[in-house]
K.L.:
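Input: one structure, supplied below.
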Amino acid sequence: MALLTKESLQRVIELLVAEGLVDSGDVARVQEEVNKTKRPLLEALTTQKIISDAMLAHATAVIMGVQYVDLENVEMDQATLELLPLEVAERSMVVPLGESNGQLVVAMLDVGNIQSVDYLATFTGKSVRAVMASSGGIQAVLRQYKGDFTGVAQAVKVTNQEVAQAKANSNIKTITQDSPISKALTSILEFAVKSKASDVHIEPLENSLIIRCRIDGVLRRVMELPKAIEPALVSRIKILANLKIDEHRIPQDGQFAVAVSDKEVDLRIAIAPVVWGEQVVIRLLDKTGTSMDIEGMGMTGRALRTVLRGISRPNGMILTSGPTGSGKSTTLYALIKKIKSEKINIVTLEDPVEYKMDGVNQIQVNMDAGLTFASGLRSILRQDPDVVMVGEIRDSETANLAVQASLTGHLVFSTLHTNSAAGILPRLLDMGIEPFLLASTLNTVIGQRLVRRVAKKRTSFVSSEMQTQEVNQVIGNLLPKTQDDVATVSEDLGYKGLPVMSANGYTLVKGIDDQLSPGGYAGRAGLYEAIEVDDDIQKLIVKHSTSSEVMKVAREKGTITMRQDGMLKALSGITSIEEVDRVASDLA
């Protein structure tokens, strides 16, 4: 914010009072307080939220006679942001707005800072015109920087120079370029974090290096780099992950943590030899970006009520299933957060510990030291736990121990890789669990997938004839039949304002494709199905029934399948029918 003299601040406050934006009584009350405490008046007014950051900036701009821009809800084009590197923008709290008549127009906090304006003019080689914006507005624009790849460009330039020099000396092995490579890796990771990517893929081809990011579950190509940069980039990652930099024949796994954009992010590294070099996959675990709220993740209605009944029991097994990357572990964390209390001892066994939770005793699996899921589970049961979470049931030994733990009065959470909730039952039977033991210990089974959410900027349209038929086929029996049924059915299913079943079409939404919402999507939500293992399901387990037979009985008892949940989310404007078909077309 521009530095205000006492007289200027008084004029700003008078302007806000005159415009009816601030109550004069509140200002007088705060003035009396600061006279006693000797605190700055401006600090007291903003702390007590009598004057907001945006109000102060706007009023200051009026007093100073400069233009003010509100940037808090403005979406910037990435080409405009590239007019000023992120590093410079963050350091000077200034953002580019575009070019006009040969001038670079920027928004900044202190337009009266001549030194900053001169620095920007010198740095960009252009005449600079500054307008005022609030701190919140500038921060909102800074968050839109998808990535500043100047570090990558510098690394490529240095690499090309060193390759040419090394070839001239006939000694390729002298290439090091450590510092530029560090900046290049930082630039790539910053882009991934700001794009909310879950994974970064570094893939070598014959003559180039491809960087791809998995954003909202879909891989997107980010950039293509020269082949020469590959050895140094892979070596840098190996050094950070404490891996062997001279080992190129076998896969290696490691991890390290970085601070990117004021966020602490854990990185899991998987390196594998491929035909044209070494492929690197980096899994990003942003510990600040996950809500750990089961309702916020998309579980609602009957599935939520079934799961909440399951976790309220003192013992038994609650298992989640789904493909890799479907959010199973996150669901378990959210359920543990629901029941966490000082009155119970919760112990987890994970590989790796993805999110650290206060009040939960978390153990990291260490295969090299002999700490496996099975051996760790034996140890956990001697620690007087009330609740046990096993990251994954991978073998029959772990499965049997989990069953024994639930038999001895523990509530056990775990995950399995199956396609549906009902698929958990035959999978555990295949692992050698006795049917009568499984029937008596299994409490609740959950199946889940992840779909992309439709972006906030959206348009609505009426479903096509084919889409209408698909909706009616999948959830026609669930939708309200008359307008009088809407409130009751919507409350039961957990979605507000569901439409009456119709053959003429339904109102659907489609996101607007832009820089912040590629493909018209932003963020993800879960599709869930939850089966309560009651007497009827237990009888099916004892008879070795198939997963389809179990699912048939579960649906008769009111279970909503993942595909049905997806269609309900599409009608509620959360996702699209295309997304539901993409992730759940193999399900009934």
K.L.:
Assess the residue pair T488 and D485 against the criterion (side-chain hydrogen bond (donor to acceptor under 3.5 Å, both in side chains)); give the C-alpha distance rounded to whole Å, side-chain angles, the decisive distance to 0.1 Å, and a yes or no.
P.N.:
CA-CA 6 Å; T488 304; D485 299 333; over 6 Å; no
K.L.:
Got a donor-acceptor contact below 3.5 angstrom from the S545 side chain to the V550 backbone?
P.N.:
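No.
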K.L.:
Please step through salt bridge (charged side-chain N to carboxylate O under 4.0 Å, His left out) for the pair E397 and R378, ending with a clear verdict.
P.N.:
CA-CA 11 Å; E397 185 179 10; R378 287 194 189 90; 2.4 Å; yes
K.L.:
Near K539 NZ, under 6.0 Å, is it more than 12 heavy atoms from other residues, nucleotides or ligands?
P.N.:
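Atom NZ in K539 is not packed in, count stays at 12 or less.
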K.L.:
Within the side chain of R449, is there an N or O that forms a donor-acceptor pair under 3.5 Å with the backbone of N419?
P.N.:
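Checked: pair present.
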K.L.:
Is there a side-chain contact between I339 and L411, using heavy atoms and a 4.5 Å cut-off?
P.N.:
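Yes, at least one pair of side-chain atoms sits under 4.5 Å.
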K.L.:
Charged N to carboxylate O below 4.0 Å: is that the case for E579 and K510?
P.N.:
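Salt bridge absent between E579 and K510.
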K.L.:
Applying side-chain hydrogen bond (donor to acceptor under 3.5 Å, both in side chains) to Y521 and S576, what does each step give before you reach the verdict?
P.N.:
CA-CA 9 Å; Y521 297 99; S576 65; 2.7 Å; yes
K.L.:
Side chain to side chain contact (heavy atoms under 4.5 Å, CB included) with R268: which residues, sequence neighbours excluded?
P.N.:
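Side chain to side chain contact (heavy atoms under 4.5 Å, CB included) list for R268, sorted by chain: Q255, R283, L285, P352, E354.
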K.L.:
Go through the steps for Q538 and S440 under the test side-chain hydrogen bond (donor to acceptor under 3.5 Å, both in side chains), then give the verdict.
P.N.:
CA-CA 7 Å; Q538 287 177 354; S440 61; over 6 Å; no
K.L.:
Between the side chains of Q362 and E350, is a donor N or O closer than 3.5 angstrom to an acceptor N or O?
P.N.:
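The answer is yes; a qualifying pair exists.
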K.L.:
D199 and R212: salt bridge (charged side-chain N to carboxylate O under 4.0 Å, His left out), yes or no, with the steps?
P.N.:
CA-CA 8 Å; D199 302 86; R212 296 196 293 170; over 6 Å; no
K.L.:
Taking T300 for the side chain and G494 for the main chain, is one N or O donor matched with an acceptor at less than 3.5 Å?
P.N.:
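Between the backbone of G494 and the side chain of T300 there is a qualifying donor-acceptor contact (under 3.5 Å).
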K.L.:
Decide yes or no for Q364 and D351: does some side-chain heavy atom of the first lie under 4.5 Å from some side-chain heavy atom of the second?
P.N.:
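When only atoms from C-beta onward are counted, D351 and Q364 do touch, with a gap below 4.5 Å.
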K.L.:
Test of understanding: with side chain to side chain contact (heavy atoms under 4.5 Å, CB included), list the residues that count as partners of T372, not counting sequence neighbours.
P.N.:
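By the side chain to side chain contact (heavy atoms under 4.5 Å, CB included) rule, T372 matches M367, A374, S375.
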K.L.:
Tell me yes or no: between the side chains of S463 and T468, is some donor less than 3.5 Å from an acceptor?
P.N.:
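There is such a pair between these side chains.
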K.L.:
Rounded to the nearest 0.5 Å, how far apart are CD of Q448 and OG1 of T415?
P.N.:
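Result: 9.5 Å between the selected atoms.
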K.L.:
Quick test of your reading of the model: are E470 and R563 salt-bridged, counting only N-O distances below 4.0 Å?
P.N.:
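Salt bridge between E470 and R563, a charged N being under 4.0 Å from a carboxylate O: yes.
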K.L.:
Does atom NZ of K340 have more than 12 heavy-atom neighbours from other groups under 6.0 Å away?
P.N.:
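Yes, NZ of K340 has more than 12 neighbouring heavy atoms, counting only those of other groups under 6.0 Å.
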K.L.:
With no hydrogens and no angle check, just 3.5 Å: does a side-chain donor-acceptor pair link N345 and D384?
P.N.:
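No, no side-chain donor-acceptor pair sits under 3.5 Å.
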